[in-house]
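First comes the structure, then the notes that go with it.
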Amino acid sequence: MTTPFPFVAGTVLTAAKLNDITNLPLNDQTASYVALVGDAGKRVVMNVASANTVTINNSIFTLGDTVEVLNKGAGATTITAGAGVTLNGLSLVLSQYQGASITFLSASVALVFPTGGSVKTPRITAFSASGTFTPAAGVTYAVAYLRGGGGGVGTASSGAGGSSSVAFAGGTITANGGGLLNTADTGTTVGSYAGAANSGQGGGRAARDSTAYGLSLNAGNGAEIVAGGAVTPAVGITVTVGAGGTAGTIGAAGGSGYVYIETFE
């Protein structure tokens with residue numbers, strides 16, 4: 001039966017109508033759509049063969065309003081924020097048979113939660129060397145974990161670690177490499193140790209001076225940062241993994257850095 005929701009003046013609430021209260025009205029669309037105030041409490045069903053959008057404009061909905069968007073068609077549905085609107089969610093792109101619930105915190109801010117279809121799971125892509133990261137279809141945001149290369153150590157001619165970076169659509173994020181360390185050879189070298197590969201650790205050198213006191217000399221570790229950014233589905237972005245700094249005289253090299261990129265697919 002047809003649900004009585006939303007209620008109008010003079011509606012007689014029978015038991016059958018009350019039992020049907022959770023049967024939300026459907027608003028079927030066959031092309032890109034701009035949500036209207038009357039969509040509050042409804043399910044907007046997109047049935048489009050090609051890529052399409054559902055646009056949420058400012059000051060259409062109010063605090064507490066909820067709109068569901070369901071994608072029935074083969075084309076990906078992108079929930080798009082109009083001017084002045086902020087939509088917060090892990091992914092605003094719905095593949096076929098996926099859905100999302102949009103809950104408004106104000107006339108211009110809303111939370112977007114997945115409600116159905118395939119469950120998005122985290123995926124980690126690890127880079128031990130520079131390369132290209134290509135987001136999967138439907139992925140519009142990624143989080144990068146970066147560490148620059150460690151610096152080299154020695155009595156002379158050491159090298160600084162290289163920087164690691166990810167070129168997100170909105171700008172490149174960078175983790176700087178560790179600083180080099182050149183020290184006077186004031187004692188007898190006991191040993192040196194290089195930073196492990198993909199650790200971002202600086203190289204180290206152990207020495208003993210004429211009074212037998214031990215000296216531990218370590219170059220700088222690569223900086224470590226975590227940052228997120230927008231990506232375009234199926235469009236590659238450049239990933240740079242910083243090299244370890246070169247070993248100096250009677251010294252050791254730094255360890256190379258790393259980049260991990262996390263997405264939800």
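Numbering starts at 1 and runs along the sequence shown.
- There is a path of hydrophobic side-chain contacts, each under 4.5 Å, that joins I173 to V239.
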Practice task
Apply the test side-chain contact (heavy atoms from CB on, under 4.5 Å) to residues I56 and F104: give CA-CA distance (whole Å), side-chain angles for both, the deciding distance (0.1 Å), then the verdict.
Solution key: CA-CA 11 Å; I56 307 297; F104 291 85; 3.7 Å; yes
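- In the hydrophobic clustering of ILVMFWY residues, with side-chain heavy atoms under 4.5 Å counting as a link, I237 and V139 come out together.
- The nearest pair of heavy atoms linking S108 to G84 is CB-O, 3.4 Å.
- Within the 4.5 Å cutoff, the side chain of S157 has no heavy atoms near those of the N182 side chain.
- With hydrogens and angles left out, the side-chain atoms of N52 and T77 include a donor and acceptor closer than 3.5 Å.
- Connection of V93 to I261 is not established within any shared hydrophobic cluster, with ILVMFWY side chains joined at heavy-atom distances below 4.5 Å, either directly or through further cluster members.
- In the hydrophobic cluster analysis, where Ile, Leu, Val, Met, Phe, Trp and Tyr join through side-chain heavy atoms closer than 4.5 angstrom, L87 is grouped together with M46.
- One distance of note links CG of D39 with CD of Q29; it measures 7.5 Å at 0.5 Å rounding.
- Under the 4.5 Å side-chain criterion, counting only non-hydrogen atoms from C-beta, V153 is not in contact with S192.
- The two residues G177 and S163 make their nearest non-hydrogen contact at N-OG, 3.5 Å.
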Exercise for the section: Please lay out, stage by stage, how S130 and V241 fare under the test side-chain contact (heavy atoms from CB on, under 4.5 Å). Expected result: CA-CA 5 Å; S130 300; V241 175; 4.3 Å; yes
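- Shown are V34, L92, T55, V54; of these, the side-chain contact (heavy atoms from CB on, under 4.5 Å) with T80 is made only by T55.
- Residue G148 comes nearest to S164 through the heavy atom pair CA-OG, 3.7 Å, listed as atom of the first residue, atom of the second, then distance.
- With sequence neighbours excluded, the residues satisfying side-chain contact (heavy atoms from CB on, under 4.5 Å) with V37 are I60.
- R123 places a side-chain heavy atom less than 4.5 Å from the side chain of T263.
- One distance of note links CG of L63 with OG1 of T103; it measures 10.5 Å at 0.5 Å rounding.
- Between F61 and I102, every side-chain heavy-atom pair lies at or beyond the 4.5 Å cut-off.
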Problem - Residue pair V67, V44: steps toward the side-chain contact (heavy atoms from CB on, under 4.5 Å) verdict - result: CA-CA 7 Å; V67 178; V44 177; 4.1 Å; yes
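- The nearest pair of heavy atoms linking A76 to N71 is CA-ND2, 4.1 Å.
- Following chains of ILVMFWY side-chain contacts shorter than 4.5 Å, one cannot reach L180 starting from L217, and the two form parts of different hydrophobic clusters.
- Nearest heavy atoms, V85 versus A81: O-CB, 3.4 Å.
- With hydrogens and angles left out, the side-chain atoms of N218 and Y193 include a donor and acceptor closer than 3.5 Å.
- Proximity of N221 to R147: side-chain heavy atoms (C-beta onward) are separated by under 4.5 Å at one or more points.
- Side-chain contact check for N88 versus V109: some heavy-atom pair is nearer than 4.5 Å.
- At least one side-chain heavy atom of T155 sits under 4.5 Å from a side-chain heavy atom of R205.
- Within the hydrophobic cluster formed by Ile, Leu, Val, Met, Phe, Trp and Tyr side chains joined at under 4.5 Å, directly or through other members, L26 is accompanied by V45, L70.
- Contact detail for A219 and G152: the closest heavy-atom pair is CB-O, 3.4 Å.
- Other members of the hydrophobic cluster containing Y258, listed by chain and number, are I124, Y141, V143, Y145, V226, Y260; membership follows side-chain contacts under 4.5 Å among ILVMFWY residues, whether direct or relayed.
- The CG atom of D65 sits 11.0 Å away from atom CG of L105, with the distance rounded to the nearest 0.5 Å.
- In this structure, the side chains of V166 and F127 stay at 4.5 Å or more apart for every pair of heavy atoms.
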